[in-house]
Colleague: 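One structure coming up, written as structure tokens, with questions to follow.
All chains are named by letter (A, B, ...) in the order of the sequence lines, taking the proteins before the strands, and each is independently numbered beginning at 1. Just so it is clear, the structure is predicted and the values come from calculations on it, not from any experiment.
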Amino acid sequence: MSRSGRESDQWRDAKLAAALFAIAPFDTRGVVLKALPGPARDAWLDDLARLTGGPEASRRIPLSITHERLIGGLDLAATLSSGRAVFESGILEALNGRIGVLAMAERLESWRAATIAHAMDRCAVVIEREGMSAVRPTRFGLIAIDESCEDGDGVAPSLLDRLAFHVDLTGIPLRTVKQANNPPADVGDARALYRHVDHAEDILMAMAQAAAAFGVHSTRALILALAVARAHAALSGRTQLEEEDAVIAGRLVLGPRATSIPDTAPQPDERSEDNADGDAIQPEEPCDPGHDADDRDDTGPDDDARLEDLTELIVAAVDAAVPVDLDGTKRLVSRRSTGPGGGAGAKTASRHRGRPIGVRPGTPAGGARLAIVDTLRAAAPWQRVRQPSEGGEGSPRRIAVRREDLRIKRFADRTESETIFVVDASGSSAMNRLAEAKGAVEYLLADCYVRRDQVALIAMRGRRADLVLPPTRSLSRAKRLLAGLPGGGGTPMASGIEAALALADAARRRGRQPVIVLLTDGAANVARDGTGGRSRAKADALTAAKYVRANGIDAILIDTAPRASAFSAELAGAMDAAYHALPRLDAKAVQTIVRTGARPMPR
Amino acid sequence: MGQPFPFSAIVGQDDMKTALLIAAVDPAIGGVLIIGDRGTGKSTAVRALAGLLPEIDAVEGCPYNSDPSKPIAGARVGDDGQPRASRRIKVPVVDLPLGATEDRVVGALDLEKALTSGVKAFEPGLLARANRGFLYIDEVNLLEDHIVDLLLDVAATGENVVEREGLSVRHPARFVLVGSGNPEEGELRPQLLDRFGLAVEVATPSSIDERVEVVRRRDAYERDPDAFAARWADEDLRLGDRVSAARDLCHSIDVPDAVLIRAAEICGALGTDGLRGELTLMRAARVAAALDGRDTVTLDDLRAIAPAALRHRLRRDPLDETGSGARIERALAETYKS
């Protein structure tokens, strides 16, 4: 298909997604819109606004919204004037019956994403804070706008999983937007019809089989696909589900979630039953649709054939919808999902708040936040003593608050760190180095629950550096991604250091303290551009190292050569890194070095 | 909140359902940690459990759900001086939501009363409400450290001690802690892990038929929750009866020496730290037998419950590639060979 044909299809599907979402916003939950600001995005959002009832129907959710504003909290003015705790509802409650719009969603922190996700699951906000205890019902749809550029960033998995539509507007040119701009259908009738669309067993079965074929194992995805199919039936004015609905659902919901592509049409006799071992973390093999269909003994041969056909139709649609990179390769969702999202938009370190760790006496100077209710509680027992006869009954009560009553909220001061390993995965001792590096990573992660530090690993091998382990706190993810790490090829040192720099930069943006740990024997032999040549490789590496120093990033260089390599020492100097020689590399030693810090040692 | 999804209608997830039932029969076992990916029905199961359990007797209007036969001082008599009635209530299942602040968890000065009438009164928190019931924490990994510390303290002693804002209050806080978590979000502290008696892993159902059934039932439930609940009411009732019967039975169940020895062997083979693993293993096996209506624990009971009782107590060796599940399998295979 031609490029412009693909773009038209992409745009057409995007608009269809908007319409279907507008028909059943609470069942389909929402849209992850991957789009940078631009005409396509504006046009899409405008259409959506028209379909969902205008600006009244939606609310923006600020990225760095506080607990109180999100869940609900104290109405400060009312509390102080009335002397009682008065609460105002948070944005999650205000969203009831509406659509939330979240820009820069890829930077939303874990706990905010989790709070929104819980509210969606429960259809209510559960509030237990500052004296208030309540469960407030709320049903809303969510548009999460993903404005990330690099691969690897992305919207929190907890939201990705729950929002039916993943719409990608990247690369859609203005002319496509202008061409296809017919006014969107009015979805009022469809909305009324949606509730009455019937259940259809064969459609459900076929979608389940197609989902399995593409490695989409989440039951939620299936539930969402069903809702989308129904919305489409309603849009077409029907109460009976038909093939077309399933095909659209497959395309819009299952396609972007595919984790594997089936090789060929599955044969009933060949593959064996999927072996369930209950471990959520191991990748599961695609189930064999043909085999399962044969097991259902309450369907006759004609039904089987129809099911097969329907499944194939859906499979074809999903296949066509799996996102494709510029070079034509299919982009599958890897289980290498991103860690917790970025911090607040402001880049100033001072704005970053650590995790809340309780309340203590103190004054709200220097940016500390007053804990109103706790302050009031501290002052309350003393009122009788401080103001024995304050007005008559019915006069507004004043509360005498003294300095010693003031309570402030505490946040964790210590910035969490991110240790970035850069490992030389080339040469004869590569396997050993990798193994020990892996061990060190796992040791660090095994006790990092205390420090909430993150670890990442970049392997230098062949022509370029690979980000093998994106920053994570999870030991299980590390084990999974580091298992069977291959080595070999040359040492692209400069690329490795640059990749580490990129991670360090990202870490800083998120308010974490990066530390780069380079494990190498000093034998750089691949230059930045991937060509061989020892001297150029070394020169490039030194240049990259200077950037590390210039950016003030803490670094450690561990020399694994049997005899201390002069180049390693030089590199360490250029990076302003602490140099350690460990000819007999061992994971525990690495862990100790990393733990005790990266002050450059006098050499 | 509406009709909860019926426990018996949950498809598959037998490990999780069994663990929850065991914890419900014998709270002393110490709670359940449910580990797994998103969307695997964790919170549904816990809320469904509430709908299933038999009602308990509690003092009317008591914020601690105290038992009429052993009431908390003062709870027996109402504000008017008359003895309070007792009534039957559903077993409390209390959510500890994200963003909960300390004052709501442990309880604090009742601000309203203090400011309007100058009276110093304690406003009980979630720990009070959860007494004699369940406390459910979704996403334990995201819970703030200082709240975790609080919970550990209370769970260990069974009592909540509040010293703040001029108050000095102590009240019973015996509850079954149920936590769900996603290992992708990070590790749990060993002290927290240890607090949980049983740990189960859940995964999305692997067979297509099972997945379809999950969707079918979810769909039916959403279209008409009351009718759906009615369909499963009998089965839930039977399960509730089994739980009651097991409660009465389990303390008089015989644990043969062979089982005691085997339990020690299993723990020895796995190198679990301390005795808590062994004790939990035995208690849980006993309850499993009781739930089955038997009066003796068998070696099979032990084998079936070993993974749940021990998987989170294995000494961590980060360099060991094998997951805890595999290690337990291996140890069981060895000890059961003879």
Colleague: Just so I understand: if I count every heavy-atom pair under 4.5 Å between each of A:S133, A:A478, A:A117 and chain B, which residue has the most?
Modeller: A:S133

Colleague: Go through it in stages, so that I can follow the logic: the residues are A:V455 and A:T472, the test is side chain to side chain contact (heavy atoms under 4.5 Å, CB included), and I'd like the CA-CA distance, side-chain angles, deciding distance and then a yes or no.
Modeller: CA-CA 5 Å; A:V455 181; A:T472 183; 5.6 Å; no

Colleague: Please determine, among B:E102, B:E222, B:R164, B:R223, the option with the most heavy-atom pairs under 4.5 Å with chain A.
Modeller: B:R223

Colleague: Quick one about A:T375 and A:D405 (side-chain donor to acceptor, distance below 3.5 Å, no hydrogens or angles considered), yes or no?
Modeller: no

Colleague: At a heavy-atom separation under 4.5 Å, does A:R407 approach chain B through its side chain, its backbone, both, or neither?
Modeller: neither

Colleague: Going by distance alone, is a donor N or O of one side chain under 3.5 Å from an acceptor N or O of the other, for B:R211 and A:H217?
Modeller: yes

Colleague: Side chain, backbone, both or neither: which part of B:D219 has a heavy atom under 4.5 Å from chain A?
Modeller: side chain

Colleague: Below 4.5 Å, heavy-atom pairs only: which of B:L167, B:V214, B:D149, B:D138 has the largest tally toward chain A?
Modeller: B:D138

Colleague: Identify which part of B:L126 has an atom lying under 4.5 Å from any heavy atom of chain A, answering side chain, backbone, both or neither.
Modeller: side chain

Colleague: Checking A:M207 against chain B: side chain, backbone, both or neither under 4.5 Å from a heavy atom?
Modeller: neither

Colleague: Can B:R218 be said to sit on top of B:F5's aromatic six-ring, NZ or CZ under 6.0 Å from centre and within 45° of the ring axis?
Modeller: yes

Colleague: Taking atom types as modelled, find out whether B:D103 and B:T101 have a side-chain donor-acceptor pair closer than 3.5 angstrom.
Modeller: yes

Colleague: Main chain of B:N131, side chain of B:N65: is a donor-acceptor contact present, judged purely on distance under 3.5 Å?
Modeller: yes

Colleague: Can you tell which part of A:A114 gets under 4.5 Å to a heavy atom of chain B, answering side chain, backbone, both or neither?
Modeller: both

